[in-house]
Novice: 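Handing you a structure now.
Below, chain A is the first sequence line, B the second, and so on; all start at residue 1. Note that the coordinates shown come from a computational prediction; the quantities given were computed from them, not determined experimentally.
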Protein chains: 2
Amino acid sequence: MKDIGHCTTSCDRIKDVLARIGDKWSLLVIIALKGTGVMRFNELKRHLGVSQRMLSITLRELERDGLVTRTAYPTVPPTVEYQLTTLGESFGMAVRTLSQWAIDNLDEIDTARADYDAAQQNA
Amino acid sequence: MKDIGHCTTSCDRIKDVLARIGDKWSLLVIIALKGTGVMRFNELKRHLGVSQRMLSITLRELERDGLVTRTAYPTVPPTVEYQLTTLGESFGMAVRTLSQWAIDNLDEIDTARADYDAAQQNA
DNA sequence: CAGTATCCTTTACGATACTG
DNA sequence: CAGTATCGTAAAGGATACTG
């Protein structure tokens, strides 16, 4: 789509950030690491219930964006640890606000949904 | 996928919220409405550069979740105004933290990306 | 253990055309 | 103006099998 006739630069940057962290797993990985500090690959996998493939992709992107560090130890079998960078920690702070809101208000959203759906029935 | 062997309820709720607002347009609509107060359909469409179809779907979902109100006036041609509910405003506050972080730190992410990609070249 | 490679299905989304 | 309906494409993501 052509990038014409729409909103300002700050809007574009939000789009960029959403493109980066708006997927299903990035935020959850950040939250998990923020809570635990250091985690290994399969530990994260089990914790989140994510497929191997998607966790691999997600972690690589987060590393690329400078939000997490990957540390591999030359053991057999391999040991790889992930943790937040300083930038990742700062992002985690911003995410905490959002996740706290989610926890606090999801019930209200569920109620609104039920009301809306009920109203649609009578139409 | 089976919901077994993974993280706690709060994690599931984050997933739920992401499923709701993790799409390409929901957050941007919230941000737009938060900044402007009241907006009409085509006004939002032009502002965001979103297709008619997706804006329609997004607004309906946001209304269903109790985050925006839809007010239709019986004019010809029709006039429809959208604005945030109280719940939507409160969500907008949480989103502001995230979007501010985005604006402040996207350059650093871009740099990290460039570094990462450069390092991959020499491998 | 920590991935990669391949395949397949579902979903997101835009473009276009049509309606009250 | 504010949508809906239909279609087609591209991206997301899971399942499974394989590897150092």
Side-chain angles (χ1 to χ4, degrees), chain A residues 1-6 14-29 32-33 38-64 68-83 116 120 123, chain B residues 1-6 12 14-16 18-29 32-33 38-65 68-83 120 123:
Chain A
M1 191 184 56
K2 277 297 156 202
D3 262 358
I4 45 169
H6 59 301
I14 312 288
K15 277 189 196 174
D16 286 344
V17 155
L18 281 184
R20 270 148 178 154
I21 54 86
D23 66 285
K24 197 172 175 180
W25 299 113
S26 295
L27 279 190
L28 294 170
V29 168
L33 288 179
V38 176
M39 288 182 93
R40 297 178 60 178
F41 186 88
N42 276 322
E43 193 180 357
L44 269 168
K45 179 173 171 336
R46 278 189 303 272
H47 183 72
L48 299 175
V50 58
S51 70
Q52 216 159 11
R53 175 183 135 82
M54 286 316 297
L55 181 56
S56 179
I57 293 175
T58 301
L59 284 171
R60 195 184 312 126
E61 280 304 301
L62 290 176
E63 189 195 359
R64 183 170 177 240
V68 311
T69 56
R70 191 194 106 111
T71 314
Y73 300 95
T75 57
V76 178
T79 304
V80 181
E81 289 181 348
Y82 292 92
Q83 63 184 313
Y116 183 94
Q120 293 308 96
Chain B
M1 191 184 55
K2 278 295 157 203
D3 262 358
I4 46 169
H6 60 300
D12 286 336
I14 312 287
K15 275 189 198 176
D16 287 344
L18 282 183
R20 271 150 179 152
I21 54 84
D23 65 284
K24 197 172 176 181
W25 298 113
S26 295
L27 279 190
L28 294 170
V29 168
L33 289 179
V38 177
M39 289 182 92
R40 297 179 60 177
F41 186 88
N42 277 323
E43 192 180 357
L44 269 168
K45 179 173 171 334
R46 277 189 302 272
H47 183 72
L48 298 174
V50 58
S51 70
Q52 214 158 13
R53 174 182 137 84
M54 287 316 297
L55 181 57
S56 179
I57 293 174
T58 301
L59 284 171
R60 195 183 312 127
E61 281 303 302
L62 290 176
E63 188 194 0
R64 182 169 178 242
D65 287 348
V68 311
T69 57
R70 190 194 106 109
T71 313
Y73 300 96
T75 57
V76 178
T79 304
V80 181
E81 289 180 347
Y82 292 92
Q83 63 183 313
Q120 292 308 97

Novice: Check each residue of residues 57-65 of chain B for a non-hydrogen atom within less than 4.0 Å of any atom in DNA chain C, then write out the ones that pass by number, or none.
Specialist: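 Residues of residues 57-65 of chain B that come under 4.0 Å of DNA chain C do not exist, since none gets that close.
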Novice: Once you round it to whole Å, what is the distance between C1' of dA12(C) and CE of Met54(B)?
Specialist: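 Taking CE of Met54(B) and C1' of dA12(C), I get 6 Å after rounding.
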Novice: For the atom pair NZ (Lys24(B)) and CG (Leu18(A)), what is the distance rounded to the nearest 0.5 Å?
Specialist: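 Interatomic distance, Lys24(B) NZ to Leu18(A) CG, rounded to 0.5 Å: 10.0 Å.
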Novice: Once salt bridge (Lys or Arg N to Asp or Glu O under 4.0 Å) is applied, do any residues pair with Glu61(B), and if so which ones, sequence neighbours excluded?
Specialist: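 Partners of Glu61(B) by the salt bridge (Lys or Arg N to Asp or Glu O under 4.0 Å) criterion, ordered by chain and then number, come out as Arg113(A), Arg64(B).
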Novice: With side chains defined as the heavy atoms from C-beta onward, is the minimum distance between Val50(B) and Thr58(B) less than 4.5 Å?
Specialist: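 Not in contact.
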Novice: Determine, step by step, whether Arg46(A) and Phe41(A) satisfy the side chain to side chain contact (heavy atoms under 4.5 Å, CB included) criterion, reporting the C-alpha distance in whole Å, the side-chain angles of both residues, the deciding distance to 0.1 Å, and the verdict.
Specialist: CA-CA 9 Å; Arg46(A) 278 189 303 272; Phe41(A) 186 88; over 6 Å; no
Novice: Distance check, rounded to the nearest 0.5 Å: Leu33(B) atom CG versus Gln83(B) atom CD?
Specialist: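 If I round to the nearest 0.5 Å, the distance is 8.5 Å.
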Novice: Considering just the side-chain nitrogens and oxygens of Arg53(A), establish if one lies under 4.0 Å of OP1 or OP2 belonging to dA15(D).
Specialist: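 Looking at the OP1 and OP2 atoms of dA15(D), neither is under 4.0 Å from any side-chain N or O of Arg53(A).
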Novice: Below 4.5 Å, heavy atoms only, C-beta onward: do Val29(B) and Leu55(B) meet side chain to side chain?
Specialist: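 Touching, per the 4.5 Å side-chain cut-off.
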Novice: Show, in sequence, the C-alpha distance, side-chain angles and deciding distance for Leu59(B) and Arg70(B), and conclude whether the side chain to side chain contact (heavy atoms under 4.5 Å, CB included) test is met.
Specialist: CA-CA 8 Å; Leu59(B) 284 171; Arg70(B) 190 194 106 109; over 6 Å; no
Novice: Measure the angle between the two terminal helix axes of the helix from dC1(C)-dG20(D) to dG20(C)-dC1(D), five base pairs each, and quote it to 10°.
Specialist: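 Angle reported: 40°, given to the nearest ten degrees.
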Novice: For dC1(C), take OP1 and OP2 only and decide whether either is under 4.0 Å from a side-chain N or O of Arg40(A).
Specialist: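 No, Arg40(A) has no side-chain N/O under 4.0 Å of OP1/OP2 on dC1(C).
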Novice: dG3(D) phosphate, OP1 or OP2: any side-chain N/O from Arg70(B) under 4.0 angstrom?
Specialist: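 Result: yes.
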Novice: Tell me which of Gln52(A) and Ala19(B) sits closer to the 5' end of DNA chain C, going by the nucleotide each one is nearest to.
Specialist: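 Per heavy-atom nearest nucleotide, the more 5' residue is Gln52(A).
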Novice: Evaluate the side-chain proximity of Glu43(A) to Tyr82(A): yes if any heavy-atom separation is below 4.5 Å, no if none is.
Specialist: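 Tyr82(A) vs Glu43(A): side chains apart.
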Novice: Counting only side-chain N and O atoms of Lys24(B), is one of them less than 4.0 Å from OP1 or OP2 of dA11(D)?
Specialist: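 Result: no.
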Novice: Taking only side-chain N and O atoms of Tyr82(B), does any of them lie within less than 4.0 angstrom of OP1 or OP2 on dG3(D)?
Specialist: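 Answer is yes, contact under 4.0 Å.
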Novice: Distance check, rounded to the nearest 0.5 Å: Ile57(A) atom CD1 versus Gln52(A) atom CD?
Specialist: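 Those atoms lie 11.5 Å apart.
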Novice: Go nucleotide by nucleotide along DNA chain C from the 5' end; which of Pro77(A) and Ser56(A) gets its closest nucleotide reached first?
Specialist: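 Its nearest nucleotide lies further toward 5', so the answer is Pro77(A).
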